[in-house]
Amino acid sequence: MLTRRHFIAGAAATFAAPAIIRAQTVFRAYPFSLGVASGDPSPDGFVIWTRLAPQPLEQHGGMAMAPMEVSWEVADDEAFRNRVAQGQAVARPELGHSIHVEVAGLQPDRPYWYRFQVPGERSIHGRARTLPLAASSPERLSFGVCGCQSYPDGYYTAHRHLAEEELAFVYHYGDYIYEYRGGPTRRGRAGELIVAVREVAGDTLYSLDDYRRRYAQYKADPDLQRAHATHAFFHSFDDHEIADNWTQDTDWDEIPPEIFRLRRAAALQAWYEHMPVRRALMPRNGEVRMHRAVRVGNLAEIDILDTRQYRSNQPCRDGFTPVCQEIEAANATILGAEQEAWLARNLQRNQARWNCLAQQIMMMSIDRNNWDDSGRVLNMDTWAAYETPRRRLLARMAGLNNVVVLTGDEHQNFAGLLHDRDRAVAVEFVATSISSGGDGSDRREGSERILASNPQIRFINDQRGYLTCDVTSDEWRTNYMVVDRVSTPGGSLSKRATLAMAHGEVALREV
Ligand code: FE
Ligand code: CA
């Protein structure tokens with residue numbers, strides 16, 4: 001694989017350190033095939049990421065099982081004339097030869113450019129913006145929201161367009177990969193045949209190598225690479241990074257928890273390896289402390305939530321099923337005690353003009369029954385099936401009149417109102433998928449009935465795309481950006497709708 005290897009021993013005093021391959025190493029193929037990424041920006045820096053994988057689909061990405069030194073640099077101009085930070089990092093086989101560098105000491109609220117290098121090879125360059133200082137008063141904030149990017153379901157045309165937007169950063173709510181087996185077709189939950197627009201390799205994911213290979217195939221996509229190279233991302237995970245509809249230590253099939261935890265640990269390790277996140281999110285004992293707060297000056301606080309890892313099992317046999325008494329369970333939890341207390345504290349402090357909850361599953365309780373009159377049907381994988389913690393959270397939002405909830409998971413666009421008893425306390429913007437579900441249409445069959453039985457919903461649309469949020473101290477605007485198709489490359493983008501909330505008044509207005 002490596003035509004020449006120079007193993008250098010560590011310095012004499014640290015001979016226990018592993019030998020690192022460097023210098024004169026020649027790759028059979030381009031080692032930066034998965035592109036670059038940046039994430040978790042702060043006022044003085046961000047994480048820069050890459051993974052060495054000369055043969056993305058081969059075992060270990062085609063890398064030799066030894067650590068390898070990679071140099072990195074950050075400049076304040078696109079031509080890299082003025083380098084402001086540089087260093088060496090070690091791509092370790094234990095982490096799939098991924099690199100996470102936490103760059104610090106930069107200036108607030110401006111763009112930087114970064115790239116990586118190994119002997120003879122250089123990565124493409126990426127761009128990332130630092131955040132404004134927490135004590136500053138930014139006039140406006142524009143950021144993107146996206147997720148649910150099933151590779152076999154469609155092309156990443158939405159990512160290609162996302163890369164053209166002027167944004168401070170992107171929030172990715174998860175379903176970055178899907179764990180299903182590859183091939184030209186697969187069976188859905190109801191046994192239906194789903195035909196792939198493009199094929200992923202491999203069987204259903206279970207082992208660390210399985211998950212790594214799936215990320216490698218997704219990350220080799222040029223449109224996805226372009227979005228990452230243009231914007232810093234805040235990543236969270238949803239279910240398909242691990243397994244369909246998992247919660248805590250239970251999956252859809254409810255296999256023994258001690259066995260599911262092994263799969264979850266492998267999946268979360270691969271997630272960490274492929275995301276530009278900080279070291280604080282490295283898995284410990286198979287768990288990731290993913291929830292975190294982001295401050296954009298005094299304009300917005302964004303609380304990124306984890307609605308999977310601490311959640312009690314779905315009630316009423318999961319899925320889209322008729323309501324049962326279990327949704328009222330007093331001991332049910334979505335966030336777990338610690339995260340819920342952390343969020344309550346953040347909302348109570350109310351330190352920024354806007355409070356934003358960036359999370360995964362729908363918070364509105366909506367009746368999904370659009371086929372007959374047999375009664376109310378809920379998606380048991382949403383907040384609606386966890387009424388006790390849902391009411392508790394909505395009560396905490398009451399009176400703030402500045403809360404915006406961002407959501408994914410549905411593979412449809414929605415905008416609507418959240419109520420504490422009869423009072424509207426927040427708005428919810430649900431972002432459609434990048435590709436999951438295929439082309440779609442303006443309105444899915446049955447949508448009229450959903451709108452009629454759920455008056456809190458103000459907008460519904462079933463096309464692929466992403467959201468952009470334009471925030472000022474007086475108004476929060478969410479733009480629903482949609483592409484006309486994902487089944488073939490080259491789909492065109494349009495702004496399907498803009499919904500706005502005025503600060504201090506919980507209501508939605510179509511702009
Ligand atoms: Fe999804
Ligand atoms: Ca999901």
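Keep in mind that what you see is a predicted model, and the values were worked out from it rather than measured. Note that ligands are numbered from 1 as they come in the structure, with each ligand's atoms numbered from 1 the same way.
Annotation: E258, atom CD; neighbour count of heavy atoms from other residues, nucleotides and ligands within 6.0 Å is above 12.
For the Fe ion (ligand 1), the N/O/S atoms of H240 include none lying under 2.8 Å. Among the atoms of S433, no N, O or S atom is found under 2.8 Å from the Fe ion (ligand 1).
Shortest distance from the Fe ion (ligand 1) to D175 is reached at OD2 (N/O/S atoms only).
The salt bridge (charged side-chain N to carboxylate O under 4.0 Å, His left out) test applied to R458 returns no partner, not counting sequence neighbours. Scanning for side-chain hydrogen bond (donor to acceptor under 3.5 Å, both in side chains) contacts around N370 gives an empty result, with sequence neighbours left out.
R214 places a side-chain N or O within 3.5 Å of a backbone atom of Y178 that can act as its donor or acceptor partner.
With the Fe ion (ligand 1) as the vertex, SG (C148) and NE2 (H411) define an angle of 90°, rounded to 10°.
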